[in-house]
Each structure stands twice: as C-alpha cells, then as structure tokens.
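Predicted model only: the values in this text are computed from it and were never measured. Atoms within each ligand, like the ligands themselves, are counted from 1 in listed order.
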Amino acid sequence: MKKDDIVTLIIEDFSTEGLGIGHSEGLTLFVKDTIIGDVAEVKVMKMKKTYGYARLLRILTPSPDRVEAPCPVARPCGGCQLQEMKYDAQLRFKEQKVRNNLQRIGGFIDPPMEPIIGMNHPFRYRNKAQFPISRDRNGKLIAGFYAGRTHTVIDCRDCLLGAKVNQTILDIVLNHMDKYHIQPYDEATGKGLVRHVMIRVSSEMLCEENASGQIMVCVVINGTSLPESERLVQALCAIPGMASITLNINRERTNVIMGKQIKLLWGQEFIEDTIGGIRFRISPLSFYQVNPRQTEKLYGKALEYANLTGQETVWDLYCGIGTISLFLAQKARAVYGVEIVPDAIRDARQNAQLNHITNAEFFVGKAEEVLPEKYEKEGIHADVIVVDPPRKGCEQSVLDTMLKIRPERIVYVSCDSATLARDLKYLCAGGYELRKVCPTEMFANSCHVENVALMSYER
Ligand code: SAH
C-alpha cells in the first residue's frame, strides 16, 4: 500500500485520540472522521512500515452508531472527535478506553470499574473557552478553534459545547478590532496584538432557558495595552452578567495561551461559581473544572471514595483553587492543599474564608517538592491523600512519598487514563490495592474522559 491508494475499510476500532482504525493488506490505517462500524472508502495520505494515515472519501455503509453532527464545523475543528457518534456509543468507547489502559498499561487483569457517569445533555456544558483570533483568506477577522493538528483557525463563534453568550462577546471584540484597526496576532511573524479571547462563565450561564450568572472576559494580547479599551469595556458591559474584564499580557513567542500578568480593565478580577453548595472565586489564571454539572458528580465520587468520618487528616495535591479540598473539609478533621499556581492558592484561601471553612490550609509549590519536604522535615501524617494531577500524571517523587506516608486510602482523580494506569501500577507495586475506578464524563463529544480511582492499604 502506498500514498494516494484508494481502499475500502471496515472501521473496527478507535485510537485514543479518536481516529477510526481499520486494516487492509495486514496494515493498520488511521482515518479521521470515521467511527467504529463504518465501511468507508479512504485515500492513503501517509504510509509508515506497518501503519498509515488515510483521509475519508466517502462512507459506503454508515455505522449503526453514526449520527449527523449538530455542529457545522465538527469535522474541520479539532475539538470534538466524537460528535458524529451516538452519545451512548461515546460512553461505551470511553469505558472501553479506560479498561484497555488499566489492563495494558496498569496490568490490572480485571479492573474494578464502575459504570461511567454520563451526561443527560452532552452540549452547552463548558464554562470556559479560549478563542484564537485570526484572519481568514479574505482578510476578514475571525475567532474560533484550531483545526485538528494545525494552528489554522476555523471560524466558529458559537461552539455548541459552550455558552451562547460567547458569540455575542466575540462579535463585540472583533467589531472593536475592525473599527480601531487592531491586528490579530500572527504566530508565524510574532506580530499583531490580539492573540486569544478567553471567556469563562458561572454555571447559571449554561442554563439554556434562563441564563443568569457571571461572565469573565480576558483578552490575551501581545503588548501592554489595547487601543480604545474603554470603548470595548462599554460595549461588553451591556451584556447582562458581565462581571470581569481583563487583559492578559503574553509577549512570548510561544503557543502557551496565557501569559503571567493580568490587567484589570473593569469589574472584579474574578467571577464566582457554586458547586455542591460551596462558593468558589475563580481568577483568570486559575484552573477550574470546565464542566460544572459533572464536576459536582466527580467530586461527590471522590468524597464517597475518601469515606471520611470527620476524624481524618487529608492532603489534596494539585488542588487548584481548593475545590476538592473544601468539598472534603466539611467531612474531615483537617485538609491540606498543594498547588503550583500562586493565584490559584490565593483563590483557595479566599474560598475557604468565603465558605467559613477553617480547617483547610494551602501551600504554594510543586507537589513533588512540597510533599517530600513536609514529610522529611515534619513527618506529616495523612489518613487520605487525594491527587488530581495534569495529564502527565504524578512525578515519581510524589508517588514515593505517598508510599512512605502510607495513607489508608488514596483517591486519584485523573484526566488521562494512561498516566493514571501507570501511576496506579506503581502504587500497587508499593503495597496498595486498586479498589474501584469510576470513569466520569467531563468532555462529552471529545475523546477525553475523567476518572476517579480508589486505592487502599491493608495493614
Ligand atoms: N483539583 C483541582 C485542580 C485540578 S487540575 C480541581 O479539581 O479544580 C491540576 C492542577 O494541578 C492545576 O491547578 C495545576 O496548576 C496544578 N499543577 C500542575 N503541576 C503541578 C505540580 N507539579 N505541583 C502542584 N500542582 C500542579
């Protein structure tokens, strides 16, 4: 098989990134925009020794799980890999992906999995979006998302995963840029001013019928100020719920979206949101779970696994703005949170105060430094440790220190089941036993899946 060959494939499987997988002449082909069960005619684009990539030409027989994508740019946009799949089938795919990783990477023959916690409405759930700003071929200003694997911007101001108000905000920003001849940033040359518009909304804004709540707009610029910003503020303020308008300064030649500095243009530097009866203050640079409806279920599961009676000392590593910490603090003796982003820890401390929670304490620093240091110097104790690391998982020194502290239970919240499986395997080799894993839907229509795992140590 070689480039430009046209072949007919039965799509039998899905890669972890959501590409359809089929076989022909003993070779494996990855095909974007196909789903398991499709019979498709595809054109080979690139061939390696045993596998290759092909482009979908046409579907000959659609999979029984196939649906028409509600979003007009579902295919070119890199965000939703599974939108053309029935939601039930998406959930089955995600469960299977987690099981596979636990078996193949973790070595757990029959992982103790609970059924995935799915969503009722898999759209309009995201409270945050970061829209790159660019120009189309005709020079028209556009805002949207990167096409899969590229940095070409697809014009899409109303992402169906996000709040409806995003479009209104983006239209105002683009109008402002047009009117005052403000240039979008160009990654190739490093010139131009406006890079991204980040929008965050409180949960109420995601309510379709009757949106209320708070909105944050943060314009990321390659400079120190935005021309005529008072006029932009004036236009944005007309949107009900507008609470925070800021600039983020990012002058680096990097594809990291946000810089470190925030400049307040109007309102407060934060918005507030409530999850499970706890009120959270969220700054532009702080991490906050993107799917509030499901987050409550996720944290509920973490709390269930932590099995607290009120006597426990709990450590919450990678705590962000203290969301899980404060959830657990209501049922624990004391909770200690560790987080690398200083703004997030500032939020966490204020969130404790805001909710009159006095048994939670927060430390700024890397989990892999703070935890070993606290253990070596103070010989800290923990009954339960909760970790919620970024995709790359826990550093080995975090795992090693946990094994030394040896809490009765470890609750591992993870957005990447491959690194989760790797870390669980390591902890099991250190004497822990995997009790339960619960996949939780946080990213409907994408191929990502969140998990909560419970490990325990029997003395
Ligand atoms: N538990 C929180 C945040 C989870 S996201 C919540 O549910 O909202 C992961 C967090 O880990 C982010 O806030 C990120 O800033 C932080 N982080 C990343 N690397 C870290 C490290 N090495 N040490 C401590 N925190 C880190």
Practice task
Please check if the side chain of D347 supplies one atom and the backbone of S283 the other of a donor-acceptor pair under 3.5 Å.
Solution key: yes

Practice task
Describe, in one word, how the ring planes of Y146 and H196 are oriented to each other, choosing from parallel (under 30°), tilted (30 to 60°) and perpendicular (over 60°).
Solution key: perpendicular

Handout entry: ring pair (Phe, Tyr, Trp, His ring centres under 6.0 Å): pairs with one or both residues in residues 86-116, sequence neighbours excluded
Key = F14-F93

Problem - Any donor-acceptor N or O pair under 3.5 Å, side chains E339, Y318 - result: no

Distance dump, ligand 1 polar atoms to protein, N/O, under 3.5 Å:
residue	atom	partner	partner atom	Å
ligand 1	1 (N)	Y318	O	3.1
ligand 1	1 (N)	D388	OD2	2.9
ligand 1	7 (O)	Q289	NE2	3.0
ligand 1	7 (O)	Y299	OH	2.5
ligand 1	7 (O)	D388	OD2	3.1
ligand 1	8 (O)	Y299	OH	3.2
ligand 1	8 (O)	T323	OG1	2.9
ligand 1	13 (O)	E339	OE1	2.8
ligand 1	13 (O)	E339	OE2	3.3
ligand 1	15 (O)	E339	OE2	2.7
ligand 1	22 (N)	E368	OE1	3.0
ligand 1	22 (N)	E368	OE2	3.4
ligand 1	23 (N)	A367	N	2.8
ligand 1	25 (N)	I340	N	3.3

Handout entry: Salt bridge present between D383 and R409 (N-O < 4.0 angstrom)
Key = no

Practice task
Could you verify whether a donor N or O on one side chain and an acceptor N or O on the other, from D423 and Y412, lie under 3.5 Å apart?
Solution key: yes

